[in-house]
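Remarks on the structure that follows.
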Amino acid sequence: MKAPIFALSAALLMALPAHAQPQNQDSLQSLTYADLADLGAGAPVVAHLRVRAADRLGEREATTVRAGHTRFEIEAEVVALIRGSGGLPARIRYLVDLPNDSRGRPPRIARRSEFLVMATRVPNRPDELRLVTADAQLPYNAAAAEMLRNIVREASGAEAPPRITGIGRAFSVPGNLPGERETQFFLLTADQRPISLTVLRRPGEQVRWAVALGEIVEEGAAPPQPNTLLWYRLACTLPARLPEEALSESSPDEVQSIQADYRVIQQGLGRCARTRAPRR
């Protein structure tokens, strides 16, 4: 490497995620859409890298490493930049903590190993990166890379769904026919853009629900497609139960209807499956 190991590791040490739990490499093949979205949707840099050198750091150079893990200083070439405003140098460097094996031996990182990394830039050091979490280095997999590209493409688009922060208000009103009812849920978002969920019940018809990204629910509104950013924002963020404040203006009968319709939405979205603990 171009810089002495100790000097470089000291500079990068402050950029290593604190208190993050590195993921067992054996479980990486089972990562779900939600896992990848947790890592990649907000990462400023997402890249496919090929290792040129992996230097194992000693205890003196890596004083904050968790027990049972080893810190490596990686120098890699950029194979493909999936996200990164302004680009990256042809070669970059970063630190990663990896779990030791069952015998306590550090893992081996072979030269020319390929990884997907989600990272931020280190200020004033254009060739250095900081992983967004300690498990944000993933062995390269074509399917995972394609899923990350889709996530980044959606997250970077002008119409990307906003991050949901809660449920503001919910209400349910009867329709003109007996048994007809419409329930709406107005969601809170990080940038105050409106999102609403609507459940429509009509006699003799299947219960329908839809999501609207705007003030008006269009006639053709529908539930989100699974494994899309909008599905992820909803399925992985909505609370298991409606907050009491969202029901404060409703009668007991209306509350019962609203809660039943909220379960319709939850069932329609399905489970937000993860194999790793989400970190913000």
Would you call Tyr140 and His48 a side-chain contact if the rule is heavy atoms closer than 4.5 Å?
-> yes

Nearest atoms (heavy-atom pairs only) where Cys236 meets Ala34 = SG-CB, 3.8 Å

In Å, rounded to the nearest 0.5 Å, how long is the span from CZ of Arg276 to CG of Leu36?
-> 9.0 Å

Hey, does Thr189 have a side-chain heavy atom less than 4.5 Å from the side chain of Arg233?
-> no

Using a 3.5 Å cut-off and no angle test, enumerate the donor-acceptor pairs between side-chain atoms of residues 220-229 and protein atoms at least two apart in sequence or in another chain.
residue	atom	partner	partner atom	Å
Thr228	OG1	Gln225	O	2.6
Thr228	OG1	Trp231	N	3.3

Please test Leu98 against Gln137 for side chain to side chain contact (heavy atoms under 4.5 Å, CB included), starting from the C-alpha separation and ending with a verdict.
-> CA-CA 10 Å; Leu98 297 176; Gln137 173 186 275; 4.1 Å; yes

Are Asp191 and Arg193 ion-paired here, with the side-chain N under 4.0 Å from a carboxylate O?
-> yes

Linking I/L/V/M/F/W/Y whenever their side-chain heavy atoms sit closer than 4.5 Å, directly or via other members, would Val207 and Leu234 fall into one cluster?
-> yes

Evaluate the criterion side chain to side chain contact (heavy atoms under 4.5 Å, CB included) for residue pair Leu31 and Thr275; output intermediate values, then yes/no.
-> CA-CA 6 Å; Leu31 287 178; Thr275 64; 3.4 Å; yes

Between CG of Leu197 and CG of Leu187, what distance do you get to the nearest 0.5 Å?
-> 4.5 Å

Pair Thr237-Arg163, side-chain donor/acceptor within less than 3.5 Å | no

Establish whether Leu188 and Leu242 are linked, either directly or via other cluster members, by ILVMFWY side-chain heavy-atom contacts under 4.5 Å.
-> no

Nearest atoms (heavy-atom pairs only) where Phe72 meets Pro107 | CZ-O, 3.3 Å

Enter the distance from Asn141:CG to Met147:CE here, rounded to the nearest 0.5 Å.
-> 9.5 Å

Charged N to carboxylate O below 4.0 Å: is that the case for Arg93 and Glu128?
-> yes

Of all heavy-atom pairs linking Pro106 and Asn100, the shortest is CA-OD1, 3.4 Å

For residues Pro44 and Ala119, report the shortest heavy-atom separation together with the two atoms involved.
-> CD-O, 3.3 Å

Please answer whether the main-chain N or O of Ser257 pairs with a side-chain N or O of Ser172 as donor and acceptor at a distance below 3.5 Å.
-> no

With a 4.5 Å heavy-atom cut-off, do Leu129 and Leu88 have their side chains touching?
-> yes

Is the number of heavy atoms from other residues, nucleotides or ligands within 6.0 Å of CD (Glu77) greater than 12?
-> yes

Enter the distance from Asp97:CG to Thr70:OG1 here, rounded to the nearest 0.5 Å.
-> 8.5 Å

Donor-acceptor under 3.5 Å (Arg130 side chain, Arg121 main chain) | no

Side chains of Asp253 and Ser251: donor-acceptor distance under 3.5 Å anywhere?
-> no

Minimum-distance pair of heavy atoms, taken over all atoms of Gly40 and Val46 = O-CG2, 4.1 Å

Are a donor atom and an acceptor atom from the side chains of Thr64 and Arg71 found within less than 3.5 Å of each other?
-> yes

At what distance, to the nearest 0.5 angstrom, does CD of Glu73 lie from CD1 of Ile109?
-> 11.5 Å

Is Val96 linked to Val117 within one hydrophobic cluster, defined over Ile, Leu, Val, Met, Phe, Trp and Tyr using a side-chain heavy-atom separation of less than 4.5 Å?
-> yes

Is Arg83 reaching over with its side chain to a backbone N or O of Ala43, donor-acceptor style, under 3.5 angstrom?
-> yes

Using modelled atom types only, decide if a donor and an acceptor are shared between the side chain of Gln266 and the backbone of Ala240 within a distance under 3.5 Å.
-> yes

Straight-line distance of Asp127 CG to Tyr94 OH, nearest 0.5 Å = 13.5 Å

Any idea which heavy atoms bring Leu95 and Leu131 closest together, and the distance?
-> O-CD1, 3.7 Å

Step by step, work out the side chain to side chain contact (heavy atoms under 4.5 Å, CB included) result for Tyr262 and Thr183.
-> CA-CA 9 Å; Tyr262 189 61; Thr183 301; over 6 Å; no

Under a single-linkage definition using a 4.5 Å side-chain heavy-atom cutoff for Ile, Leu, Val, Met, Phe, Trp and Tyr, are Leu269 and Leu200 assigned to the same hydrophobic cluster?
-> no

Does the pair Asp38 and Tyr232 meet the rule for a side chain to side chain contact (heavy atoms under 4.5 Å, CB included), with working shown?
-> CA-CA 9 Å; Asp38 288 340; Tyr232 164 76; 2.5 Å; yes

With the 4.5 Å side-chain cut-off for hydrophobic clustering, are Ile92 and Leu81 part of the same group?
-> yes

Side-chain donor or acceptor of Glu61 paired with backbone N/O of Gly58 under 3.5 Å = yes

If we only count heavy atoms from C-beta on, is the Arg111 to Arg52 side-chain gap below 4.5 Å?
-> yes

